[in-house]
Amino acid sequence: MQKSVVRIVFVSLFLFCTMDTFAQVKRPSEGNEDWRLLIKAQNCFISGDFGSALSYAEAAKQSRRQQIDWEVYTLENTLKNSRIRKANDKLDVVLTELKTYSTAASEIAESYVAQKGIDFFDNSFTKLVTYVESLHVYPEADCLVGKVYELDGETTLAIQFLQDAYRNADKLNVSDERYDILYHLAMLSYNTGDDESYETYLLLILKDDPQYTNTAYLNALVRTISTDKPGTMEKFFKLYRSNRDVSLKSLASIAEYYAGLGEDAKSLRASALGSVIAFTMMYETLQERLTAWEYTDLPSMLKDASMYADILQWGNENNVWKLFCEFGDAVLQSGCLIFSNELFTALAEGLPEEYWRKRAENRLVR
């Protein structure tokens, strides 16, 4: 009798706890959605209120978990319906049945199919639910938390959160944000003297660059440079184009890194491609903004670009002026004096900042 009472009490408690858990499975309230909280965190970060940025970012992560818990529960709950079970896990059939059975589940499932396509889930309802379960993570929020700790000097914590963000980079809303995460990890590695990780993170950014990974393309850049005749420098910038700006800072950093190691060939290739990208970005921007604009020569283009405050800011943030000078150094180191002199002459005349103009002028071989 006593065992029966204990069993009844246990079952009652289990049912109560289960019902209570289900009762708590609900989506975040309006105004507390993960994306809204992340925007608040980002705004606080920009304004320098790092404590609030951290709080909102953590709240955004909690809201994301709550949203996904609710979505998974809503989707799994549809399996109580015999018509859904009879669909035999075929997602296209389930989608049709959900329209009449559950508006919420239908909206959730349709939204993911619209994003990824039905083939992404192999037309399996189970795989769709499994995918939704994997979205508990919020890499954008982890990235922001990592940046807060980075500014606070908490390097270990910063690396931990940024690594978490990169580990879940396939869940980023904007895929290219992975490169920003990797660059921050690279800089943290550099600041801690971890040269191996520094190079690794920079190369992870560049592994997706179709030009950097194309040996034939890089060899073509070097062959043109090594022609080393009057006019070769201008010919170089007229021949090659690349607008993959996400590679720019990484190429500038790794070119300098390889130069410091005495790996001149690698430094030349990285700085050459980086300079092509920087040139292309300015060239295309000026063409878009000035309808009658035509390219004449490098110093003139640099002067035209310097009229725009946003281009100047972009150049400073991406170390573009330094990159051009490093390219000249790498060319000079390779023994191509004519090309390097033509480049340094153009930079000394056209760069927007006096420091780098003088730097270029001092590198001229008289």
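The structure presented is a predicted model; accordingly, all values stated were derived computationally and were not measured. Below, each value reflects all heavy atoms present in this structure, side chains not excepted, and no hydrogens, waters or symmetry copies. In this chain, numbering begins with 1 at the start of the sequence shown.
Under the 30°/60° scheme for interplanar angles, the aromatic rings of Tyr190 and Tyr198 are found to be tilted. The aromatic rings of Tyr217 and Tyr240 sit perpendicular to each other, their planes meeting at more than 60°, with 30° as the lower class boundary.
Hydrophobic clustering (ILVMFWY, side-chain heavy atoms < 4.5 Å, transitive): Leu135 and Trp35 are in distinct clusters.
Using a 4.0 Å cut-off between charged side-chain N and carboxylate O, Lys358 and Glu361 make no salt bridge. Ion pairing between a basic and an acidic side chain is recognised when a charged N comes within 4.0 Å of a carboxylate O; Lys147 and Asp180 show such pairing. Salt bridge present: Glu256 and Lys322 bring a charged side-chain N and a carboxylate O closer than 4.0 Å.
Judged by the 6.0 Å and 45° rule, Arg83 forms no cation-pi pair with Tyr101.
If you look at Phe120 and Tyr131, their ring centroids are closer than 6.0 Å. Aromatic pair Tyr183/Tyr201: centroids not less than 6.0 angstrom apart. When ring centroids are compared, Phe327 and Phe344 stay outside the 6.0 Å threshold.
Each of Arg64, Arg27, Arg65 was checked for a salt bridge (charged side-chain N to carboxylate O under 4.0 Å, His left out) with Asp34, and the lone residue meeting it is Arg64.
Annotation: side chain of Tyr295 is in contact with side chain of Met301 (closest heavy-atom distance under 4.5 Å). Taking 4.5 Å as the limit, some side-chain heavy atom of Met282 sits within range of a side-chain heavy atom of Ile311. A heavy-atom distance below 4.5 Å is not found between the side chains of Asp142 and Arg167. Side-chain atoms of Pro352 and Trp321, non-hydrogen and from C-beta on, do get closer than 4.5 Å to each other. Here the side chains of Lys127 and Val132 are not in contact, with every heavy-atom distance at 4.5 Å or above. Leu144 has its side chain out of reach of Glu140: every pair of non-hydrogen atoms, C-beta onward, lies at least 4.5 Å apart. Side-chain contact between Gln66 and Glu71: absent, with no pair of heavy atoms (C-beta onward) separated by less than 4.5 Å. Counting only heavy atoms from C-beta outward, the side chains of Arg241 and Tyr283 approach each other to under 4.5 Å.
Heavy-atom contacts from other residues, nucleotides or ligands closer than 6.0 Å to NZ of Lys171 number more than 12. Residue Asp119 qualifies as open at atom CG: its count of foreign heavy atoms under 6.0 Å is 12 or below. Counting heavy atoms of neighbouring residues, nucleotides and ligands inside a 6.0 Å radius, atom CD of Gln115 exceeds 12 of them. Around CZ of Phe161, the count of heavy atoms belonging to other residues, nucleotides or ligands within 6.0 Å exceeds 12.
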Exercise for the section: Walk me through it: do Gln62 and Glu58 pass the test side chain to side chain donor-acceptor pair (under 3.5 Å)? Expected result: CA-CA 6 Å; Gln62 179 60 40; Glu58 290 294 347; over 6 Å; no
Practice task
Please assess Asn81 against Thr78 for the test side chain to side chain donor-acceptor pair (under 3.5 Å), listing each intermediate value before the final yes or no.
Solution key: CA-CA 6 Å; Asn81 183 278; Thr78 63; over 6 Å; no
Exercise for the section: Could you check Arg269 against Asn219 for side chain to side chain donor-acceptor pair (under 3.5 Å), going step by step and ending with a plain yes or no? Expected result: CA-CA 8 Å; Arg269 283 165 168 74; Asn219 288 341; 2.9 Å; yes
Exercise for the section: Please assess Cys44 against Tyr56 for the test side chain to side chain contact (heavy atoms under 4.5 Å, CB included), listing each intermediate value before the final yes or no. Expected result: CA-CA 9 Å; Cys44 289; Tyr56 278 122; 3.9 Å; yes
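Side chains of Asp264 and Tyr258: no donor on one and acceptor on the other come within 3.5 Å. A donor-acceptor contact under 3.5 angstrom links the side chains of Arg244 and Ser247, judged on distance only. No hydrogens or angles considered: a donor-acceptor pair under 3.5 Å links the side chains of Asp89 and Ser124. Of the N and O atoms on the side chains of Asn77 and Thr74, not one donor lies less than 3.5 Å from an acceptor on the other residue.
Residues satisfying the side-chain hydrogen bond (donor to acceptor under 3.5 Å, both in side chains) test with Lys86, not counting sequence neighbours, are none. With sequence neighbours left out, Ser106 forms a side chain to side chain contact (heavy atoms under 4.5 Å, CB included) with Leu98, Lys99, Glu110.
When all heavy atoms of Ala59 and Leu37 are compared, the closest pair comes out as O-CD1, 3.6 Å. In terms of heavy-atom proximity, Asp245 sits nearest to Ile277 at CA-CG2, 4.0 Å. Scanning both residues, Glu326 and Ala255, for their nearest heavy atoms gives OE1-CB, 4.3 Å.
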